[in-house]
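The structure displayed is predicted, hence computed values, not measured ones. Letters A, B, ... mirror the listed sequences (proteins, then strands); counts begin at 1.
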Number of protein chains: 2
Amino acid sequence: MAQDKVTIKQVAAAAGVSITTVSHVLNHVPGKRIHPHTRERVLAEAARLGYTPNMLAQSLRTQRSHTIGLVGDEIATTPFAGKIILGAQDVATSHDSVVFVVNTGYERETEDREIEALLRRQVDGILYAAMYHRPVELPAKLANIPTVLINASCADRSVAWAVPDEAAGGEDAAEVLLSAGHRRLAFINDVDEIPAAFGREEGFRRRAAAWGLAQEDLRVVTAEADPAGGYEAARLLLDDAADRPSGIFCFNDRMAMGVYRAAAELDLHVPRDVSIVGFDNQDFIADGLHPGLTTVELPHYEMGVWAAKELFHQISSEQRPALAPTTSIRGPVIHRASVAPPAQGSDLGGRHQPVDRRGNA
Amino acid sequence: MAQDKVTIKQVAAAAGVSITTVSHVLNHVPGKRIHPHTRERVLAEAARLGYTPNMLAQSLRTQRSHTIGLVGDEIATTPFAGKIILGAQDVATSHDSVVFVVNTGYERETEDREIEALLRRQVDGILYAAMYHRPVELPAKLANIPTVLINASCADRSVAWAVPDEAAGGEDAAEVLLSAGHRRLAFINDVDEIPAAFGREEGFRRRAAAWGLAQEDLRVVTAEADPAGGYEAARLLLDDAADRPSGIFCFNDRMAMGVYRAAAELDLHVPRDVSIVGFDNQDFIADGLHPGLTTVELPHYEMGVWAAKELFHQISSEQRPALAPTTSIRGPVIHRASVAPPAQGSDLGGRHQPVDRRGNA
DNA sequence: TTGTAAGCGTTATCAT
DNA sequence: ATGATAACGCTTACAA
């Protein structure tokens, strides 16, 4: 604990007034009229002594700790945690609050222990973040404190949450490829049965259908969501020149990394011979690949912001609604250099005439 | 603030004893002998009511908040922040503490504001972390509270710090290459004049000299520390087949990414034609590249742990030494598949006979 | 073995 | 316009 030591009492003594008065001037108490002269003196003494209010005492008295907790399952190993934290922190700061962050490592026991630790410290509310989009159960201890979920949904309609708009991402990816002129598409999806996999595929298919693409011209393969998985899937897709998609959408940037490698091995140039769209806009990958990867960004920062705002709203309104708000946020597509119109003639195998629907989406 | 509401007073009432007694049994107060029977009753009532101690009150009374702050300059955009946070949190947990994390974005003003916020909340101590190894000045507000630096050094000898052992990393990288048989080496260094650049080069050169490598067989080039920089430097190094290094050490994994690309363009196979060693062991890059990158890991987690331990030590010893401990931590080398013995005959240009000094380091 | 009461640093009610 | 004083929920001498 800081050796602050200088308390309101000392300021009062130094200024020759009561602590009540000091409190009044320091807090700009509304109804109170205090003499400009004493006000000056108090302010001066407080500054001179380097007075810093003890928020523990304030919190104990006011029943507001100006503190929130952020519990995440995997803050260490995911590049996205930082953005969520930052989003939450930015709004916390604007509410004079600061955030405790705890990691649970997917251990229910650790989670309970850490949440307990936060509750003991009287946090005003809790942000519960998943590092990959998934449905979760609200931990029991969170039933009686304002809570909002980040990157997670919940069957309990009384809890608010923010998730990425996976379907919109899938649509946007399709649009990028389709509007560039591609008519033979492939989607390399994650084998795991998670919302991101369902949503992205659904959106991708929907937009493709809207462009009139036939079923046979949209191949979907699944693989492990890493570079090796992307590589294998891409070999499957690209090996046969006759039946080759000209545009590939990857479940994530890491898989795209593997697709780049497969393309290179087959002497296929990106984007001249294959266009590629990724997902995540993962730092150091999307922008580190060559050529730069066009990808759909995940709105981690924005989810953090939305969730924290909603949390502070709940905190100040002192009551949790029976039906809490929910949002799915669309991430922007980050255009780089992995998409180009299909090579001359490479679309001949397509069953449909290219139709320019640019701007028509 | 949680609607705890159940206080020690209620437990006392329910158990038909005084709050003192409740406090005694709940805290296992040493000298106190309390009747097993009342102890049972208190424990039972506390459990039944779901009593949770209010740590704000405890802290106010005991002058220990069981809370520390972690201030970092860039937690959002670096993949390393998470590991530092995790290391710090792991030891914090073992000391019944939890950590506030704040981001400063390299803004001195934000930094001051956030540190102030932490001090107001009576944190027991502060961890000050830089996201890339560098010397820093201790913020003035930190002068009177236990503080330890992570990934940063400081001219003030009264503050403790932990940094990576850059020179050891450079040595280890050299050792990997040399012991694999390489005798024509290159180091692609960061142009920026930072401790990491100096230290890694120094260590690399030192170990090379120890192996008897001549000056001319160790080329050092500098570039921007990103994939593009690595690519350019590698082209410089690899274009001329006659004067080609067989082993390249890169300042970081991102540069190595560019080196892979350059090699591929020149039809050089890794590791058959060039061996590559990176630095950082950056998630998704070192292990995502193909073949997997052999690299020197940065000890972020360990620095977080060391620093937090030292911090808690200072906190409990209630005094800051005039000369604080300092450590530089050696990161392990992570062996993957980017290093192999040089190709038959590729060492002919070398001025020295290969000497097997394996295990001799 | 158990209870009384003071005090941690504030805010807020009520007097003056 | 300013000041006593009682909480806030807890720990800890000190008493009983």
With a 4.0 Å cut-off, would you call [X] and [Y] a salt bridge?
X      : Y      : result
A/R64  : A/D96  : no
A/R113 : A/E116 : no
B/D283 : B/K83  : yes

Take atom [atom1] of [X] and atom [atom2] of [N], then tell me their distance rounded to the nearest Å.
X      : N      : atom1 : atom2 : result
B/K9   : D/dC10 : NZ    : C1'   : 10 Å
B/L56  : D/dC10 : CG    : P     : 10 Å
B/L60  : D/dG9  : CG    : P     : 12 Å
A/M55  : D/dG9  : CE    : P     : 17 Å
A/R120 : D/dC10 : CZ    : P     : 11 Å

Q | Members of residues 11-25 of chain B that approach DNA chain C, where some heavy atom sits under 4.0 Å away | A | B/V17, B/S18, B/T20, B/T21
Q. Would one find a side-chain N or O of A/Q63 under 4.0 angstrom from OP1 or OP2 of D/dG9?
A. yes
Q.
What is the first contacted nucleotide of DNA chain C and what is the last, in 5' to 3' order, if contact means an atom lying under 4.0 angstrom from a heavy atom of chain B?
A.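 Terminal contacting nucleotides, 5' to 3': C/dT1 to C/dG9.
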Q) Is there a donor N/O on one and an acceptor N/O on the other, under 3.5 Å, for the side chain of A/R33 and the base of D/dA1? A) no
(Q) Taking the nucleotide of DNA chain C with the nearest heavy atom to each, does B/H35 or B/A57 sit closer to the 5' end? (A) B/H35
